[in-house]
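A short write-up of the structure that comes next.
Whatever order the structure lists them in is the order used to number ligands and atoms, beginning at 1. Residue indices begin at 1 and follow the sequence shown.
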Amino acid sequence: MTEQTPVTDAQATAVPKVPTLPDAQTVTEVQHYTDRLFSFKCTRPASLRFRSGEFVMIGLMGDPHPETGKQKPLLRAYSIASPSWDEELEFYSIKVQDGPLTSKLQHIKPGDQIILRPKPVGTLVHDALIPGKRIWFFATGTGFAPFASLLREPQTYEDYDEVIITHTCREAGELTYGRNIIESLKTDELLNEVIGEGFWKKIKYYPTTTREESAKMGRITDLINSGEAYADLGVEPLCPQNDRAMICGNLAFNLELKDMLEAAGLEEGANSKPAQYVVEKAFLD
Ligand code: A2P
């Protein structure tokens, strides 16, 4: 995933700047949510095909080497937050003040260029799951990103009667990006026309915070184990017959939830062997 590939200049005619980086794409929009979180959009290479939920390597050129002056790309895996049908690409990122990439990436502005290796991969895809009635998307922090894509993917609503999205963050402000995406579905004319008017009523959204007061406090893992989440959502407990799940968050969260799903009788799936749940870690700087 890290070898050099030819310059992608598909967008060169549509934007004022001529790409000078390998695999350059142009930033079109940036939004900041908290001092730790931001999202941005960029142009999409005409040749890039991906499945909603997958990730790509993106980044910037690193600082010049002090002796040789040579610069190397600084790349990290980022889930694509936009759906596969979208003309642009969207990403949701943490800002780490001393992080090699995000200390710089957080300062990008429309018109700037980023590097994007057009080789999407990942396990959080519908192809890795067998048919079921309900899908659970379990996220912490920036792990919401692949679900921002999948929540805008028509197949999610074709495949399932119910879509439950849980998002656990430290602070209330960290829920804003996800909440905005879900709210936007209600007025998205294109999606309501393509998927069916009111498709978003299939969604049950369950945001929780752990370090700041909000409507629902606590880790989703604890809320499920105590049965509180089921009661709040008005749903039956997880079962292998009906439920499918995707997990994306920090490592401890992924492992804990994976154990919980296994204990409930769900089996882990993969692209090569679809089953009942899939897991991916959020890609932090
Ligand atoms: P907590 O504040 O109790 O650690 P982070 O920003 O560190 O990645 O965490 C994002 C969110 O995930 C926080 O609300 C954090 O809760 C929660 N979290 C961290 N580890 C786990 C875990 N093992 N199970 C459930 N939630 C977790």
Side-chain angles (χ1 to χ4, degrees), residues 31-40 53 55 58 76-81 91-103 105-106 122-124 135-151 164-182 204-233 235 237-238 243-264 266 268 276-285:
Q31 271 197 56
H32 293 266
Y33 303 93
T34 69
D35 55 359
R36 291 178 67 225
L37 293 168
F38 73 113
S39 70
F40 62 93
F55 66 84
I58 64 169
R76 293 283 181 275
Y78 269 81
S79 291
I80 303 173
F91 298 96
Y92 183 44
S93 179
I94 194 152
K95 305 177 201 174
V96 180
Q97 295 318 329
D98 57 355
L101 178 62
T102 64
S103 60
L105 195 64
Q106 63 183 289
T123 53
L124 299 187
I135 182 134
W136 292 74
F137 294 146
F138 293 107
T140 65
T142 53
F144 191 90
F147 305 134
S149 174
L150 286 155
L151 284 166
I164 303 174
I165 165 87
T166 82
H167 192 195
T168 299
C169 293
R170 296 182 187 190
E171 295 166 14
E174 297 173 50
L175 296 169
T176 306
Y177 173 76
R179 174 169 289 126
N180 289 352
I181 296 272
I182 292 167
K204 284 193 154 86
Y205 174 45
Y206 197 64
T208 79
T209 57
T210 50
R211 303 194 194 183
E212 191 186 22
E213 195 70 35
S214 74
K216 195 78 210 174
M217 301 279 301
R219 292 180 165 195
I220 187 63
T221 41
D222 296 337
L223 292 163
I224 285 188
N225 284 331
S226 70
E228 198 174 329
Y230 298 132
D232 289 339
L233 289 162
V235 300
L238 285 157
D243 290 299
R244 304 295 169 256
M246 296 192 184
I247 310 171
C248 191
N250 66 51
L251 190 59
F253 168 78
N254 289 352
L255 295 175
E256 207 174 315
L257 208 44
K258 188 174 148 67
D259 283 350
M260 286 167 58
L261 294 180
E262 293 278 341
L266 278 75
E268 184 168 3
Q276 288 144 330
Y277 78 92
V278 281
V279 58
E280 196 150 80
K281 66 186 174 72
F283 301 97
L284 308 175
D285 199 16

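For atom 16 (O) of ligand 1, the choice among T142, T210, L251 with the nearest heavy atom turns out to be T210. With atom 7 (O) of ligand 1 as the reference point, the heavy atom nearest to it among R170, E174, E212 is part of R170. Looking at N250, T140, I224, N254, it is N250 that brings a heavy atom closest to atom 9 (O) of ligand 1. For atom 20 (N) of ligand 1, the nearest non-hydrogen atom from the set M260, M217, R219 comes from R219.
Between H167 and E174, the shortest heavy-atom distance links the atoms CE1-O, 3.9 Å. Minimum interatomic distance between S39 and Y92 (heavy atoms only, all atoms of both residues): CB-CD1, 4.0 Å. The shortest heavy-atom contact between G53 and S149 is N-OG, 3.4 Å. Heavy-atom minimum distance, F147 versus F138: CE1-O, 3.4 Å. Between Q97 and S103, the shortest heavy-atom distance links the atoms O-CB, 3.2 Å. Heavy atoms only, all atoms of each residue included: L124 and I247 are closest at CD2-O, 3.8 Å.
Residue contacts with ligand 1 do not include H167, since none of its heavy atoms lies under 4.0 Å from the ligand.
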Side-chain polar contacts of residues 224-233 - donor-acceptor pairs under 3.5 angstrom, sequence neighbours left out - could you list them?
residue: N225; atom: ND2; partner: T221; partner atom: O; Å: 3.2
residue: S226; atom: OG; partner: D222; partner atom: O; Å: 3.2
residue: S226; atom: OG; partner: L223; partner atom: O; Å: 3.3
residue: S226; atom: OG; partner: E228; partner atom: N; Å: 3.2
residue: E228; atom: OE2; partner: K216; partner atom: NZ; Å: 2.7
residue: Y230; atom: OH; partner: L238; partner atom: N; Å: 3.3
residue: D232; atom: OD2; partner: Y206; partner atom: OH; Å: 2.5
residue: D232; atom: OD2; partner: K216; partner atom: NZ; Å: 2.9

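Each of the following atoms of ligand 1 lies closer than 4.0 Å to a heavy atom of T168: 11 (C), 14 (O). For ligand 1, the atoms lying closer than 4.0 Å to a non-hydrogen atom of F253 are 21 (C), 22 (C), 23 (N), 24 (N), 25 (C), 26 (N). The distance from ligand 1 to the heavy atoms of T221 drops below 4.0 Å at these ligand atoms: 24 (N), 25 (C). Taking every heavy atom of R211 and a limit of under 4.0 angstrom, the matching atoms of ligand 1 come to 1 (P), 2 (O), 4 (O). Taking a cut-off of under 4.0 Å to the non-hydrogen atoms of A252, the atoms of ligand 1 that pass are 23 (N).
One side chain, E280 or T123, offers a donor N or O that lies under 3.5 Å from an acceptor on the other.
Looking at I220 next to ligand 1, no N or O pair under 3.5 Å apart turns up.
When non-hydrogen atoms are compared, ligand 1 lies under 4.0 Å from the side chain of R36 (C-beta onward) but not from its backbone.
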